[in-house]
Amino acid sequence: MDSRKACRGCLFVCIKGAVFDGHTVAEDVARAGAACLVVDQDVNVEAIRRAAADWNSAGTEYEAAETAPAPTAESGIIIVRVENSRYALACISAAWFGHPARELTTIGITGTKGKTTTTYMVKSILERTGHKVGLIGTIEAIVGDKTYPAPNTTPESYIVQKYFREMTDAGCDCVVMEASSQGFMLHRTAGFTFDYGIFTNIERDHIGPNEHRDFEHYLACKKMLLNQCRVGIVNRDDPHFGQIIEGATCKLETYGLSPEADLRAENMQLVRGQGTLGISYHVRGLMDFPVEVDIPGRFSVYNSLTAIAICRHFSVSPTDITAALKDIRVKGRVELIKVSDDFTLMIDYAHNAMALESLLTTLREYRPHRLISLFGSGGNRARDRRFEMGEVSGRLADLTIITSDNPRNEDPQAIIDDIKTGIRKTDGKYVEIIDRKEAIRYAIEHGKPGDIIICAGKGHETYQELNGVKHDMDERVLITEVLEELAEEGS
């Protein structure tokens, strides 16, 4: 599918993307020695055949190094016309790797929020009981002992199938993966059927020129999971529940706080320790036992309850579930970093107004002495996001520390000024410190007993992009450095 990798004897799939159309390089690919083209649009067949013949006449120079079969002037290049080349790519890839999904128990999780945390919870619980679990998600793909960075939440279908095959070769017996709306829209998850499909929730997000044209389209893409799984597990509390399950072809189960849910959370209580926050509740319905999670907020109830609803199908005991959930930590997702017994500091990926408002509202429930919000906003992105985040933080936080996120090719100070425009619509107090490490140092130095400090926006990222160049920057490392420097200064 990448014309730069076209070689002798290859099958090339022409895909029309948002920026580049693979059909425009069909002749170049044929000239590089491709044996077969898969297309979903009209192409110049005669020109492609001439290009293939050109390769054949000049192909002797490759004979010593290449052994793959190649088209000949007599047989010509094979051109396969399909209705949708992305869908074809998924099916071809599944076959190419020997249909590895058939050798795995496959778990797909979709939803606006909660996908990442839930995948790690499921992996942790199942591995505690002896399963070897692969993972594909927003942060990374985990294949046996290897990890791969994730450019997309759901990789291209060829990569998905490649990972599945690597997982089976590494001895994995199941895989849990985040299935994004873009992934469904672009058929990245086609070519196999999920054993379990989970729909966590849906809110108005990912709507725009390069994503979904409207909410209805966004919902329709996510709903595709419930027509591509054997068992569907759906959040009964979602306001769009009726629309979500409409037309589903799988066996359905539900979870949530609703008394109508098959698996329910009851008696929720906030838990606060020395520098830690969590929540406890009791599972009722299909299972019956108490749970405590050291991740704050109602969303932690939903995430953990989702994981329980999945792992129930693997006959995992309540003891193993509760032990795994008590120890769960997800990088960059309300990740508690212990810096003091007096106050709480955490890192979260919240990088838009909706996510930040949800997070700050949740933390307010713990009645902190002060709620301190430290964040910036990405450059080369819509300015409205900055105004909105500033207004949300000014309204909900006692103190906002405005700093840099990924300025990219913009002036960091200009981004900060936009955030201040939003904050000034409120009575919120703020300070501005461009350097993110210095901003974190300020937060820690000025932390008071009972404070909750949230470093938002970077989450799992380990870089900062300045002037188009990515530089190493991990907030966990910055926090450690700050603590070491403060210790040295105090000694």
Side-chain angles (χ1 to χ4, degrees), residues 1-73 75-82 84-97 100 136 140-141 143 146-166 180 182-183 185-191 210 380 408-409 463 465 468-470:
M1 58 188 166
D2 184 342
S3 60
R4 295 167 297 184
K5 297 179 181 179
C7 61
R8 175 178 180 166
C10 75
L11 180 151
F12 186 83
V13 184
C14 296
I15 292 174
K16 184 176 182 178
V19 177
F20 180 75
D21 185 354
H23 296 81
T24 63
V25 294
E27 293 175 39
D28 296 334
V29 169
R31 198 170 287 111
C36 180
L37 294 181
V38 177
V39 304
D40 63 10
Q41 297 180 23
D42 291 335
V43 291
N44 190 329
V45 176
E46 292 306 317
I48 291 171
R49 285 176 176 165
R50 285 195 299 272
D54 291 344
W55 179 90
N56 186 65
S57 63
T60 52
E61 62 184 281
Y62 301 102
E63 291 293 336
E66 303 287 354
T67 58
T72 66
S75 65
I77 190 170
I78 298 167
I79 302 174
V80 181
R81 176 69 183 259
V82 297
N84 186 304
S85 58
R86 284 190 180 276
Y87 188 84
L89 174 63
C91 296
I92 292 168
S93 299
W96 175 259
F97 287 104
I136 301 175
E140 61 194 347
V143 181
K146 298 178 182 177
T147 60
Y148 300 97
N152 300 305
T153 298
T154 306
E156 189 56 80
S157 58
Y158 176 86
I159 303 300
V160 169
Q161 296 296 333
K162 179 175 180 288
Y163 284 161
F164 283 178
R165 175 48 63 200
E166 288 186 27
S180 67
Q182 288 276 305
M185 182 175 71
L186 301 177
H187 301 292
R188 291 173 180 167
T189 62
N210 296 322
N380 304 112
R408 297 186 175 91
N409 293 313
Y463 65 87
E465 190 173 340
V469 179
K470 289 184 177 181

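Just so you know, these numbers use all the heavy atoms, side chains as well, and skip hydrogens, waters and symmetry mates. Keep in mind that this is a model prediction, so the values were computed, not measured.
- With rounding to the nearest 0.5 angstrom, the CG atom of L89 is 12.5 Å from the CH2 atom of W96.
- A distance of 9.0 Å separates CZ in R165 from CZ in F97, rounded to the nearest 0.5 Å.
- Residues passing the side-chain contact (heavy atoms from CB on, under 4.5 Å) test with I48 are A26, E27, A30, L37, V43, I77, I79, sequence neighbours excluded.
- Put simply, CD1 on I159 and CE on M1 are 5.0 Å apart, with the number rounded to the nearest 0.5 Å.
- Rounding to the nearest 0.5 Å places CD1 of I78 at 10.5 Å from CZ of R49.
- The pair R50-E46 does not meet the salt-bridge criterion, since no charged nitrogen lies less than 4.0 angstrom from a carboxylate oxygen.
- Here the shortest heavy-atom pairing between H23 and Q41 reads NE2-N, 3.4 Å.
- For V29 against S3, the heavy-atom pair with the smallest separation is CG2-CB, 4.1 Å.
- Looking at every heavy atom in both residues, P155 comes nearest to V160 through O-CG2, 3.6 Å.
- In this structure F12 satisfies the ring-ring contact (aromatic ring centres under 6.0 Å, His included) test with no other residue, sequence neighbours excluded.
- Heavy-atom minimum distance, C36 versus V80: SG-CG2, 3.9 Å.
- The side-chain contact (heavy atoms from CB on, under 4.5 Å) test applied to N380 returns R408, N409, E410, not counting sequence neighbours.
- The ring-ring contact (aromatic ring centres under 6.0 Å, His included) check on Y87 picks up H187, with sequence neighbours excluded.
- In this structure a side-chain-to-backbone donor-acceptor pair under 3.5 Å is present from N84 to R86.
- Annotation: the span from S180 atom OG to M185 atom CE amounts to 8.5 Å, rounded to 0.5 Å.
- Taking each heavy atom of A90 and A190 in turn, the nearest pair found is CB-O, 3.4 Å.
- In this structure, the side-chain contact (heavy atoms from CB on, under 4.5 Å) partners of S85, at least two apart in sequence or on a different chain, are V13, I15, D40, V82.
- Legend: residues meeting ring-ring contact (aromatic ring centres under 6.0 Å, His included) with Y148, ordered by chain and number and at least two apart, are Y163.
- In this structure, C14 and G22 approach most closely via the heavy-atom pair SG-O, 3.7 Å.
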